[in-house]
Amino acid sequence: MNKKDFTDFFDWNINYDVSPKKLKNFSYDYDKILLKKNKIKTIKFSFSLSKKIIKKFYKKLNKLTKSSLSYKQWEFILLHWLFHTVCHSYTLWNIVEKSKRKKFKLLDTDINDVLKRPEEFKPSSKVVNYWMLKRILDFKSIKYLISGKINYSLLPLYKTSVFKRIIIKLFSILNLFFPTRIILVDTGLNFVNELFLNIRLKQAPTYFNLHDHKIDNVDKKLRHDLKIKFLKKKKNFQTFFEGIFPEILPNEFLESFNYYFNYPQKNFWPDKNKFLMIVTQSISSSIKRIIFSKYIGKKNQLIILQHGGGYGVAKMHVGEIVESYLGNKFLTWGWKEKKESIQPFYSLKISQLKKKISENILKKKIIFFISAYTKFFQKIGFYPSTNYQTILQFRYIANIVDRLKKNLKNKLILRYSKYGFDRGGLEFPKKLFDKNITYDGLMKPYYKSVNKNTLTIHDNINNSTAWIETLALNIPTIIFADVNTNEVRTSFVK
């Protein structure tokens, strides 16, 4: 086997020194897959396939977890994670199809590294991407060379303080005397305001202690029993994904399922047969979905509040698709849609920030909010979602910054997610900018850094909450958005 015959896959190993010509070639070859009509096709196909997979596996999941949940309950539990994962895998599948004449060098990985701890499986992580690529190449009988191994270690979790544990337990006991009728979780209200709202409703507050995750080793027998037999194995993506589904199903949906499913019972939540309303800002947490699933269906109501950017703006937004589908009501930050379940509301979080920002006494500053931080695949539908797109985006930002006068550069702060870069194995490309530029790696909430004397600049219209918040708070706002990569819906333009 001649090692020279093997090349790095796609754009995973290019860096900020890559030539403009090579970047242009990437755009020419792959924008057709990642943008415009094909992106929409990927999203629609992935959503449909995700529901089919849940329907095919949910009875086996009931048997293996010793539960008796309906299809709708399992759909609520799995759809958010599965939709994102299928979108990611199908995009990777299509890029392999585009590059199938090539032979690739890969890093070996162990998928169990990201399955031991709940909510550790991330489609954009290095481990998941290399594992998924290897399995696709195996399925398609494409040769590859293992050139190294990824050594993965879990990041330490923040532990809940003893005081907070006592408070949470106290609230749980109060449920015995003041039963909760409306579960308020992640509404955007701060702790004090949410507490007062519960008092006015004459019910005990609902708080989670989710930092003490249960870590279970992967049970190979359970996962083997989850597999389905194919009468005639077709060489298509659906067959491929159904084959790997038992291997990649996160721990919380199988080995640790009952530990989380029984959380309401252990904390004296209302009986599942009583009418209950759940009001929450996010269902991205798989653990919370498992806990809430006990109340899904029947006569209970699930009301989901918008919690970020892109909703109502992006031509197609994966979060909006899932949340408006699963919720009885989806309350927006003011925008409307024809769908009856989507209704205009407002952001509870932003309404609390006005006073805090007005109290900030700060010098005039320019804060550039940067949302790009991916080397592997990020969420489908957003931009940038690949390494070459990230590099193009940063060169674009650097070009803007370079044109600023010296006195403006001295007031400039580049704000980015250090955690996002670290998780993706990336370093912020400071070499593209002047040495005297100030950086903020999200070490403190943005509202502590801005007031009405601050000019905010945003690099993205479809994947950022910040510009919506700064506009709503009457803070000067500039958005740079390329219509070819940041496609918006007609109703937003109006």
Side-chain angles (χ1 to χ4, degrees), residues 6-18 26 30 33-34 81-82 84-96 99 102-139 142 144-157 213 215 218 240-241 244 247-251 284 286 370-380 382-394 416-429 441-442 463:
F6 295 85
T7 183
D8 294 321
F9 177 70
F10 186 38
D11 64 355
W12 288 1
N13 283 305
I14 63 171
N15 54 41
Y16 292 96
D17 297 328
V18 64
F26 274 116
Y30 297 104
I33 296 172
L34 299 164
W81 167 79
L82 191 56
H84 283 284
T85 306
V86 172
C87 274
H88 162 266
S89 310
Y90 188 55
T91 304
L92 189 54
W93 173 280
N94 286 331
I95 288 176
V96 170
S99 319
K102 297 179 181 178
K103 298 176 183 177
F104 300 111
K105 290 187 291 186
L106 305 186
L107 295 176
D108 199 14
T109 66
D110 185 353
I111 196 66
N112 293 341
D113 287 343
V114 295
L115 294 179
K116 291 177 185 176
R117 187 165 75 189
E119 302 190 339
E120 192 67 23
F121 182 102
K122 308 288 183 186
S124 58
S125 77
K126 190 175 184 178
V127 169
V128 173
N129 273 277
Y130 270 107
W131 185 90
M132 194 71 72
L133 174 60
K134 182 174 180 291
R135 293 306 300 269
I136 290 171
L137 296 177
D138 285 337
F139 186 82
I142 298 174
Y144 55 83
L145 172 70
I146 299 295
S147 60
K149 182 175 174 60
I150 297 173
N151 295 312
Y152 183 83
S153 57
L154 295 170
L155 293 172
L157 288 172
H213 288 335
I215 297 179
V218 171
F240 163 74
F241 196 89
I244 66 166
E247 296 179 68
I248 64 172
L249 190 68
N251 170 295
S284 60
S286 54
I370 297 173
S371 59
Y373 56 83
T374 184
K375 186 166 187 175
F376 303 99
F377 290 121
Q378 185 71 314
K379 294 176 184 176
I380 189 73
F382 295 120
Y383 187 92
S385 62
T386 66
N387 192 21
Y388 81 83
Q389 291 174 347
T390 296
I391 294 171
L392 283 169
Q393 185 84 334
F394 266 108
Y416 67 99
S417 172
K418 186 178 185 305
Y419 172 76
F421 274 83
D422 290 346
R423 191 178 70 189
L426 293 168
E427 287 187 17
F428 190 90
L442 270 63
N463 190 23

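From a predicted model like this one, the values you see are computed outputs, not experimental measurements.
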(request) Please examine the side chains of Met132 and Phe376, heavy atoms only from C-beta on, and report whether any two atoms are closer than 4.5 Å. (result) no
(message) Let me confirm one number: the OG-CZ distance from Ser99 to Phe104, rounded to the nearest 0.5 Å.
(response) 4.5 Å
(message) Within the structure provided, determine whether Val18 and Asp11 are in side-chain contact (heavy-atom separation under 4.5 Å).
(response) no
(message) I need the Phe121 CZ to Ser286 OG distance, nearest 0.5 Å.
(response) 11.5 Å
(request) Can you measure from CD1 (Ile150) to CG (Leu107) and round to the nearest 0.5 angstrom? (result) 5.0 Å
(message) For Asp8, give me all partners under side chain to side chain contact (heavy atoms under 4.5 Å, CB included), at least two apart in sequence or on another chain.
(response) Asn13, Lys105
(request) Taking salt bridge (Lys or Arg N to Asp or Glu O under 4.0 Å) as the test, write out the residues that go with Asp138, two or more places apart. (result) Lys134
(request) Quick one: pull up CD1 in Ile95 and OG1 in Thr386 and give me the separation to the nearest 0.5 Å. (result) 7.0 Å
(message) For a quick test of reading the model, state the closest non-hydrogen atom pair linking Ile136 to Ser89 and the distance between them.
(response) CD1-O, 4.1 Å
(request) Walk me through it: do Arg135 and Ile111 pass the test side chain to side chain contact (heavy atoms under 4.5 Å, CB included)? (result) CA-CA 11 Å; Arg135 293 306 300 269; Ile111 196 66; over 6 Å; no
(request) Side-chain contact test, heavy atoms from C-beta onward, threshold under 4.5 Å: evaluate it for Phe26 versus Ile14 and give yes or no. (result) yes
(message) Evaluate Asp113 against Trp131 for side chain to side chain contact (heavy atoms under 4.5 Å, CB included), listing each step before the verdict.
(response) CA-CA 11 Å; Asp113 287 343; Trp131 185 90; over 6 Å; no
(message) If you define the side chain from C-beta out and look only at heavy atoms, does anything of Ile370 sit under 4.5 Å from Phe428?
(response) yes
(message) Set out, in order, the CA-CA distance, both residues' side-chain angles and the distance that settles ring pair (Phe, Tyr, Trp, His ring centres under 6.0 Å) for Phe241 and Trp93, then state yes or no.
(response) CA-CA 10 Å; Phe241 196 89; Trp93 173 280; over 10 Å; no
(message) Are Phe10 and Tyr30, when compared by the centres of their aromatic rings, separated by less than 6.0 Å?
(response) yes
(request) Side-chain contact test, heavy atoms from C-beta onward, threshold under 4.5 Å: evaluate it for Phe9 versus Leu137 and give yes or no. (result) no
(message) Would you compute the distance between atom OG1 of Thr109 and atom CG of Asn151 and round it to the nearest 0.5 angstrom?
(response) 11.0 Å
(message) Do Leu133 and Asn129 have side chains that approach each other closer than 4.5 Å (heavy atoms only, starting at C-beta)?
(response) no
(message) To the closest 0.5 Å, what do you measure between NZ (Lys418) and CG (Leu442)?
(response) 11.5 Å
(request) Please name the pair of heavy atoms, one in His88 and one in Val128, separated by the smallest distance, quoted to 0.1 Å. (result) CE1-CG1, 4.4 Å
(message) Test your reading of the model: is there a side-chain donor-acceptor pair from Asn251 to the backbone of Pro118, 3.5 Å cut-off?
(response) no
(request) Kindly indicate whether the side chain of Glu247, heavy atoms from C-beta on, has any atom under 4.5 Å from the side chain of Leu115. (result) no
(message) Measuring only between side-chain heavy atoms, which start at C-beta, is Trp81 closer than 4.5 Å to Leu249?
(response) yes
(request) Could you list the residues that satisfy side chain to side chain contact (heavy atoms under 4.5 Å, CB included) with Pro429, not counting sequence neighbours? (result) Tyr16, Phe394, Phe421, Leu432
